[in-house]
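Values reported hereafter were calculated over all heavy atoms of this structure, with side chains retained and with hydrogens, waters and symmetry mates removed. First listed ligand is number 1; within each ligand, the first listed atom is number 1.
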Amino acid sequence: MGTAAEQHGGRIASVRPASVVDGVYDNIYERLMSLEIPPGARIPIDVIARDLGVSQTPVREALSRLEREGLVRKAHLIGYSAAPQLTRKQFDDLYTFRLLLEPEGARLAALNMTPVALRMLEEAAADMGRGELPVDRTSRYSRFARADAHFHDEILKIAGNEVIRSTLFNQHVHLHIFRLMFHSRVTQEALEEHESLLAAFRAGDAEAAESAMRTHISRSRDRLLAAFE
Ligand SMILES: [Zn+2]
């Protein structure tokens with residue numbers, strides 16, 4: 001515990017409700033992503049509030065935000081619990097879905113690319129590689145998950161097809177996938193694949209961008225499949 005308070009420079013106890021909710025959200029999010037709160041486990045509001053030294057209101061707000069993202073579930077009379085892990089079927093379905101939409105998104109993004117948009121993407125990609133020190137593997141990993149989600153979403157924003165972007169965004173693909181497994185090689189290989197995607201964008205090559213995205217998502221699927229073995 002204490003992670004959220006440290007990350008927020010101890011602001012938790014001192015400032016406005018919104019940042020208290022953010023701190024509580026980050027704390028529960030990290031613990032869900034790292035499986036410290038295992039899939040299916042109950043999340044008692046009073047215990048979390050006591051552990052974090054906050055009232056129950058921000059805990060409720062944070063949990064309802066996590067519920068909208070599909071990371072926790074709320075059941076009548078039982079309360080909140082961590083969402084179950086993806087099944088193999090759900091995983092396959094998600095990747096089929098990504099493979100349909102994201103290569104096309106990358107192709108459109110290459111066609112719409114501007115120097116400003118490219119610089120933004122490069123920064124988003126660099127953010128992922130940076131992994132500030134000192135961080136334990138778990139928080140490095142969940143930060144990577146968020147940064148990766150951001151990178152993919154930026155590409156779809158540039159692509160300019162709001163239907164594709166919002167459809168994917170609403171699946172919260174990354175949150176669920178990154179809960180599957182913690183492998184440092186996942187992050188390293190993904191960074192290299194992002195790099196070839198960026199190279200295609202720099203060259204303004206729409207076909208290369210489409211194919212780099214297809215490769216990235218197929219490889220990401222293959223790496224994560226190990227979680228089901
Ligand atoms: Zn990626």
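Salt bridge present: Glu189 and Arg223 bring a charged side-chain N and a carboxylate O closer than 4.0 Å. Salt bridge annotation for Lys157-Glu154: present, with a cationic side-chain nitrogen under 4.0 angstrom from a carboxylate oxygen. Ion pairing between a basic and an acidic side chain is recognised when a charged N comes within 4.0 Å of a carboxylate O; Arg214 and Glu210 show such pairing.
Below 30°, between 30° and 60°, or above 60°: for Phe91 and Tyr95 the angle between ring planes is between 30° and 60°, a tilted geometry.
Rounding to 10°, one obtains 80° for the angle at the Zn ion (ligand 1) between NE2 (His194) and OD1 (Asp148). Geometry note: the Zn ion (ligand 1) is the vertex, His152 NE2 and His216 NE2 are the arms, and the angle is 100° (rounded to 10 degrees).
Within the 2.8 Å limit, Glu193 places no N, O or S atom next to the Zn ion (ligand 1).
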